[in-house]
Amino acid sequence: MSPRPARRPLPRRFFARDTLTVARELLGCLLWARPAGGEPCAGRIVEVEAYLGEDDPASHAAGGPTPRSAIMFGPPGHAYVYLSYGMHHCLNAVTGPPGRAGAVLLRAFEPVVGEEAMAARRGRADSRTLGAGPGRLCQALGIDRAWNGLPLAAPPASGREPSAPGRVWIATGPPPAAIAVGPRIGIRKAVASPFRFCDRDSRCLSRPPGSGSF
DNA sequence: GAACCGATTGCCT
DNA sequence: GGCAATCGGTTCG
């Protein structure tokens, strides 16, 4: 029997650390989303990529802040959503200390809660590919550019921000037994950097795992 | 303003 | 395996 999935949002300090560390530790966590007019859905994160700051040529933060990438320079634990290839939305978690750009692209999940609703949004039933890819993941959860900037984490206890989970958040979950590491997918710059991390044993990856591991 | 390009996906051959 | 779809962001003139 699998345990009841955790729902409590991770604290903001989880995301305030080094982007590569956050990326690895997001594997196994539960991504929750509550689309407008829909019930909460969740998936177990099995594939992520780290995008660093101005020193990472493949990052949208390369070359300093722009209107699009400004969110990556802001406080950690927020959603960075952008439109890819004019068609697909991609969801990132902003990482690192404020002022220091960084984000983790959520590339794939395994369906956990609300699979039927997610499949309906996708227009396809196959659970293997339901969330296997950054665009598919967002489509399954009903995430689009309107979600850009939403908090993903619980705010600091001393803050004045509302503590209730919003439309999207991340909770703890069962970590993978083994993590595979490899180069990021689909980029044309910094192709050698091994910043992609996946649950080696998951069958819901967007592509086969990289050969590296730890 | 115009041109170019992309952290993708699904369908076609 | 190849390639079209499709549009916001960024850069350039």
Side-chain angles (χ1 to χ4, degrees), chain A residues 15 18-20 22-24 26-27 31 33 43 45-74 76 78-96 100-111 118-150 152 168 170 180-199 202-210 212:
Chain A
F15 300 94
D18 166 73
T19 299
L20 292 168
V22 176
R24 282 189 295 265
L26 278 174
L27 292 176
L31 171 63
I45 298 168
V46 294
E47 178 181 341
V48 299
E49 285 175 1
Y51 287 86
L52 311 185
E54 309 189 47
D55 50 346
D56 179 2
S59 172
H60 289 168
T66 65
R68 178 177 63 162
S69 67
I71 186 75
M72 287 181 66
F73 291 82
H78 289 256
Y80 168 43
V81 183
Y82 69 93
L83 183 64
S84 179
Y85 290 94
M87 265 170 274
H88 308 290
H89 298 279
C90 296
L91 171 66
N92 297 252
V94 175
T95 56
R100 195 75 146 287
V104 175
L105 172 67
L106 306 183
R107 285 192 57 92
F109 69 67
E110 298 171 349
M118 294 192 285
R121 266 188 296 274
R122 284 264 303 137
R124 282 167 181 74
D126 179 33
S127 62
R128 285 264 289 258
T129 58
L130 184 57
R136 291 165 172 169
L137 178 151
C138 283
Q139 188 181 28
L141 295 174
I143 294 171
D144 62 26
R145 268 176 73 257
W147 298 47
N148 189 43
L150 292 180
L152 283 172
V168 58
I170 297 175
V181 186
R184 294 172 289 188
I185 304 295
I187 55 170
R188 305 174 74 142
K189 299 168 185 169
V191 293
S193 297
F195 291 168
R196 173 178 182 241
F197 306 95
C198 5
D199 178 345
S202 176
R203 285 173 292 181
C204 296
L205 303 177
S206 70
R207 296 204 185 178

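Keep in mind it's a predicted model, so treat the numbers as computed, not measured. Each chain gets a letter, A, B and so on, in the order the sequences are listed, and its residues count up from 1. What's counted below: heavy atoms across the whole structure, side chains too, no hydrogens, waters or symmetry copies.
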Gap between atom CG of A:L91 and atom CG of A:N148 - 0.5 Å precision: 9.5 Å

Pairwise side-chain contact, A:T95 with A:Y80, heavy-atom cut-off 4.5 Å (strictly under): no

CZ/A:R122: more than 12 non-hydrogen atoms of other groups inside 6.0 Å: yes

Beyond-backbone contact of A:L31 with A:V168, side-chain heavy atoms, under 4.5 angstrom: yes

Heavy-atom side-chain proximity of A:P134 to A:E49 below 4.5 angstrom: no

Heavy-atom side-chain proximity of A:T19 to A:D56 below 4.5 angstrom: no

Pairing annotation in dot-bracket form, given for DNA chain C with Watson-Crick or G-U pairs under 3.5 Å and | for cross-strand partners: |||||.||||||.

Any side-chain heavy-atom pair of A:R136 and A:R124 under 4.5 Å: no

Main-chain N/O of A:Y51 paired to A:S59 side chain as donor or acceptor, under 3.5 Å: no

Polar atom pairs (N or O), protein with nucleotides 11-13 of chain C, under 3.5 Å:
none

A:C138 and A:H88, any side-chain heavy atoms less than 4.5 Å apart: no

Footprint string (nucleotides 5-13 of chain B, 5' to 3'): B base within contact, S backbone only, - free, heavy atoms under 4.0 Å: -BBBSSS--

A:S69 side chain to A:M72 backbone, donor-acceptor under 3.5 Å: no

